[in-house]
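Let me begin by presenting the structure, written as structure tokens, before commenting on it.
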2 protein chains.
Amino acid sequence: MARTDERFREAYNALLNICSSKSEGDSLPSEAELSRTLDVSRTVIRSALSRLNEVGIIHWNGRQKLVMRQPADTDLIEVNLETISNEELERRFLNWILRFDVPPGTPLNVSELSRWFNVPAHALHEFLASLSRFSLVERRPKGGWKLLGFTREYAMELFELRTMIELNAISRLVKSPPEDPIWQKMDDLKQKHQELLAQINERYNDFSVLDEQFHSTIYSVNHNRFIVELQRVIALVFYYHYQWDKRDERERNEAAIHEHLKLINAIQSRDEQEALDAARDHLSTSRKTLLLSLKINNKQ
Amino acid sequence: MARTDERFREAYNALLNICSSKSEGDSLPSEAELSRTLDVSRTVIRSALSRLNEVGIIHWNGRQKLVMRQPADTDLIEVNLETISNEELERRFLNWILRFDVPPGTPLNVSELSRWFNVPAHALHEFLASLSRFSLVERRPKGGWKLLGFTREYAMELFELRTMIELNAISRLVKSPPEDPIWQKMDDLKQKHQELLAQINERYNDFSVLDEQFHSTIYSVNHNRFIVELQRVIALVFYYHYQWDKRDERERNEAAIHEHLKLINAIQSRDEQEALDAARDHLSTSRKTLLLSLKINNKQ
DNA sequence: CTAAGTGTATTCAATTATAAAAAACAGTAT
DNA sequence: ATACTGTTTTTTATAATTGAATACACTTAG
């Protein structure tokens with residue numbers, strides 16, 4: 001009925017390990033040193049030592065910590081950590097919204113979702129709070145959360161931001177110094193695109209990965225933390241959305257490869273205006289596809 | 001040891017009010033209707049009715065709810081709501097960071113801060129979680145929060161984003177149709193600037209308000225929720241920062257007014273290129289000022 | 001005497017239990 | 001048949017609880 005003693009358990013097992021590496025009669029380092037090496041507080045070290053003392057693995061008296069016997073496998077205490085990371089939660093949540101077409105306005109049930117995603121409720125709270133900055137969810141006046149969701153307007157507004165960021169990135173990119181590793185990456189990407197184009201009938205499915213790689217390479221010239229963060233969300237949302245639209249996939253992908261190649265060529269020739277034009281063309285195609293897929297999904 | 005009964009208390013007092021408006025022997029509307037008009041759940045209505053029944057103000061039996069006597073002032077129950085809004089919390093928090101020069105890396109003490117700002121701890125949690133999207137704070141591995149803070153790099157990166165958004169807004173602005181109310185606003189702003197310039201020696205302090213007004217007018221052409229949200233934070237951060245830099249204020253403000261007027265003229269003549277150039281000049285000045293003030297503050 | 005180490009007390013935060021509120025459901029009276 | 005009430009279930013917000021971190025006082029070895 002309080003926080004878990006996961007840290008204690010891990011520290012205890014780690015101490016067992018340290019005892020194993022010593023022979024009987026050796027003494028352990030100081031509490032402060034142990035706390036540094038195991039990266040926990042001295043409190044945790046002390047309670048673990050105290051347990052070791054009880055079990056008889058060490059004899060602890062003041063600053064004397066003698067190893068009395070080798071710990072056995074049975075001395076290990078269980079530690080179960082099956083909580084997922086924040087990124088994983090984000091991935092699963094967006095997946096859920098987009099995959100199951102959760103309609104905008106749906107009230108979000110925190111306790112249900114936390115069971116569903118296997119995270120503590122307060123972690124979900126925190127996550128929803130952070131999403132509220134992207135206007136994807138909203139706090140309801142009487143408590144609880146509401147999904148604002150991936151509406152047509154939302155998509156278009158996010159797209160506008162994406163356009164802004166991407167064009168900005170391209171302007172930077174063409175001005176990169178010749179020794180920048182970005183140029184090598186561009187060469188690689190060009191070749192990969194050409195290879196894929198040559199076998200487009202068999203391998204058109206592989207485009208989605210290449211597409212993400214391409215755009216994230218362009219974005220990578222931004223070392224701006226805000227833009228990186230925004231880009232992360234943008235990528236997630238669009239990536240997931242495109243993933244389930246399977247109509248005309250081969251044709252769409254082939255056209256996109258041509259657009260990418262045009263953009264790569266313009267970038268390689270350091271022609272800012274041409275690169276921006278090519279990028280605008282590509283974004284415009286992408287926008288149309290997105291709109292179409294939204295229209296179809298909403299009609300279902 | 002659970003949530004507050006604030007809703008109950010408010011509903012109870014509201015019901016007293018309703019009873020006052022009736023005469024003895026009248027009956028109250030149905031539970032469902034009361035719950036709709038007071039905007040609380042039926043559960044709350046029922047517990048309030050039940051209390052009213054106990055106190056003898058009404059006689060409640062099934063769907064019969066007779067008013068027995070007029071409620072007196074002493075029947076009111078106390079309800080203390082002194083919690084602040086989310087915007088206010090945000091304002092206070094940024095104020096605290098910038099005003100007291102809280103150094104980056106400072107661990108944030110949630111319980112202390114929640115006392116300090118007079119908000120429930122979980123509200124602060126939520127707020128910090130949402131700020132983490134702007135990389136202003138970060139969760140520490142061992143629990144708790146850490147202030148990442150307003151470093152030089154942070155300011156420059158935020159400034160880059162600001163530049164991007166503002167230039168984008170100006171491009172849109174010059175393309176606005178002639179009937180758009182924005183043009184009237186531009187006229188007004190121009191006049192206000194000229195008036196202020198005429199009395200700059202006495203009124204240079206008033207510029208800060210006009211400055212915010214000017215930039216927020218430019219931003220207002222964006223109906224994009226992300227950009228609006230970003231702009232809100234940008235405005236807060238920069239506004240607060242400029243507010244405490246009092247060196248050469250008169251000169252700086254006078255120069256800024258000239259830059260604003262140049263930009264306004266370019267916008268009014270619908271010359272995109274010239275407007276963008278003017279905006280870039282102004283942003284560049286602003287950037288220099290910011291850098292200077294950061295340098296001085298960090299040296300203290 | 002000093003520095004490193006230990007003992008103790010205090011503070012903070014993650015979790016849980018619980019009361020308040022909402023919502024769902026079933027039944028009843030008009 | 002519909003609108004209302006009674007009851008139960010579920011969910012949320014908060015306080016109590018306990019694990020962990022930290023600060024401080026004290027001790028001992030060199």
Side-chain angles (χ1 to χ4, degrees), chain A residues 1-12 27-36 38-51 60-65 79 83 107-115 119-126 128 139-146, chain B residues 1-12 27-36 38-51 60-65 79 83 107-115 119-126 128 139-146:
Chain A
M1 63 185 88
R3 49 193 301 177
T4 62
D5 56 354
E6 194 187 306
R7 313 212 100 227
F8 167 79
R9 286 160 185 269
E10 285 190 345
Y12 183 82
S27 56
L28 295 176
S30 77
E31 295 171 9
E33 195 180 324
L34 286 173
S35 104
R36 266 192 304 270
L38 298 189
D39 193 33
V40 290
S41 73
R42 256 185 68 221
T43 312
V44 175
I45 295 291
R46 282 173 68 80
S47 32
L49 287 174
S50 150
R51 174 83 73 94
W60 185 27
N61 192 332
R63 52 192 66 186
Q64 193 177 38
K65 294 179 280 284
V79 45
T83 117
L108 297 173
N109 191 323
V110 173
S111 34
E112 196 182 8
L113 285 177
S114 74
R115 277 193 300 267
V119 289
H122 82 106
L124 196 67
H125 250 114
E126 212 170 289
L128 290 175
R139 213 145 191 8
R140 284 189 306 170
K142 288 191 205 175
W145 297 84
K146 194 175 80 177
Chain B
M1 63 182 90
R3 52 192 296 177
T4 61
D5 57 354
E6 195 186 305
R7 310 210 107 229
F8 167 79
R9 284 159 185 270
E10 285 191 345
Y12 184 82
S27 57
L28 295 176
S30 76
E31 296 172 8
E33 194 179 324
L34 287 172
S35 105
R36 267 191 303 271
L38 298 188
D39 194 33
V40 290
S41 74
R42 257 185 66 219
T43 313
V44 176
I45 296 290
R46 282 173 67 81
S47 31
L49 286 174
S50 148
R51 174 84 74 94
W60 185 27
N61 191 331
R63 53 191 66 186
Q64 194 177 37
K65 294 178 282 282
V79 46
T83 144
L108 297 174
N109 190 321
V110 173
S111 31
E112 195 182 7
L113 285 176
S114 74
R115 277 194 300 267
V119 290
H122 84 105
L124 196 67
H125 250 115
E126 224 165 72
L128 290 175
R139 213 141 193 11
R140 283 190 307 173
K142 289 190 205 175
W145 297 85
K146 194 176 80 178

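The sequence lines fix the lettering, A, B, ..., with proteins before strands; numbering per chain opens at 1. Reckoned from all heavy atoms, side chains included, excluding hydrogens, waters and symmetry mates. Owing to the predicted nature of the structure, the values given are computational and were not obtained by experimental measurement.
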A/Glu31 vs B/Thr4, nearer the 5' end of DNA chain C by closest nucleotide: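 Its nucleotide being nearer the 5' end, the pick is A/Glu31.
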Residue met sooner reading DNA chain C from 5', once B/Trp145 and B/Asp39 are mapped to nucleotides: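 Comparing both residues, the 5'-ward one is B/Trp145.
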Please confirm whether the shortest side-chain N or O distance from [X] to OP1 or OP2 of [N] is below 4.0 Å.
{"X": "B/Thr43", "N": "C/dA21", "answer": "no"}
{"X": "B/Ser41", "N": "C/dA21", "answer": "no"}
{"X": "A/Arg7", "N": "D/dA21", "answer": "yes"}
{"X": "A/Lys65", "N": "C/dT6", "answer": "yes"}

Sugar-phosphate only, base, or nothing, as touched by [X] at under 4.0 Å among non-hydrogen atoms:
{"X": "B/Leu49", "value": "nothing"}
{"X": "B/Leu108", "value": "sugar-phosphate"}
{"X": "A/Arg9", "value": "nothing"}

Listed nucleotide nearest any side-chain atom of [X], set [options]:
{"X": "B/Ser111", "options": "C/dC12, C/dA14, C/dA20", "answer": "C/dC12"}
{"X": "A/Arg3", "options": "D/dG19, C/dA21, D/dG6", "answer": "D/dG19"}
{"X": "A/Val44", "options": "C/dA22, D/dA21, C/dG7", "answer": "D/dA21"}

[X] versus [Y]: any side-chain heavy-atom pair under 4.5 Å?
{"X": "A/Tyr12", "Y": "A/Arg7", "result": "no"}
{"X": "A/Arg9", "Y": "A/Glu6", "result": "no"}
{"X": "B/Asp39", "Y": "A/Lys142", "result": "yes"}
{"X": "A/Val119", "Y": "A/Leu113", "result": "no"}
{"X": "A/Pro107", "Y": "A/Lys146", "result": "no"}
{"X": "B/Leu28", "Y": "B/Leu49", "result": "yes"}
{"X": "A/Val110", "Y": "A/Leu128", "result": "yes"}
{"X": "A/His125", "Y": "B/Glu126", "result": "yes"}

Nearest whole angstrom, please: distance from the [atom2] of [N] to the [atom1] of [X].
{"X": "A/His122", "N": "C/dT16", "atom1": "NE2", "atom2": "C1'", "result": "11 Å"}
{"X": "A/Leu38", "N": "D/dA21", "atom1": "CG", "atom2": "P", "result": "11 Å"}
{"X": "A/Leu124", "N": "C/dA14", "atom1": "CG", "atom2": "P", "result": "16 Å"}
{"X": "B/Asp5", "N": "D/dT12", "atom1": "CG", "atom2": "C1'", "result": "15 Å"}
{"X": "B/Asn61", "N": "D/dG6", "atom1": "CG", "atom2": "C1'", "result": "12 Å"}
{"X": "B/Glu6", "N": "D/dA15", "atom1": "CD", "atom2": "P", "result": "12 Å"}
{"X": "B/Trp60", "N": "D/dT5", "atom1": "CH2", "atom2": "C1'", "result": "8 Å"}
{"X": "A/Arg46", "N": "D/dA21", "atom1": "CZ", "atom2": "C1'", "result": "14 Å"}

Any stems for DNA chain C, made of 3 or more Watson-Crick or G-U pairs in a row, each with both distances under 3.5 Å?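 Expected stems, ordered by start: C:1-30 with D:1-30.
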Per-nucleotide protein contact string for nucleotides 23-30 of chain D, where B marks a base within reach and S marks sugar-phosphate only (heavy atoms under 4.0 Å, - for neither): B---BB--
Is a side-chain donor or acceptor of [X] paired with a backbone partner of [Y] at a separation under 3.5 angstrom?
{"X": "B/Arg139", "Y": "B/Gly144", "result": "yes"}
{"X": "B/Arg63", "Y": "B/Ser30", "result": "no"}
{"X": "A/Asn109", "Y": "A/Glu112", "result": "yes"}

If you find the nucleotide of DNA chain D closest to B/Arg140 and the one closest to A/Asn109, which residue's nucleotide is nearer the 5' end?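 With B/Arg140 and A/Asn109 compared, the 5'-side residue is A/Asn109.
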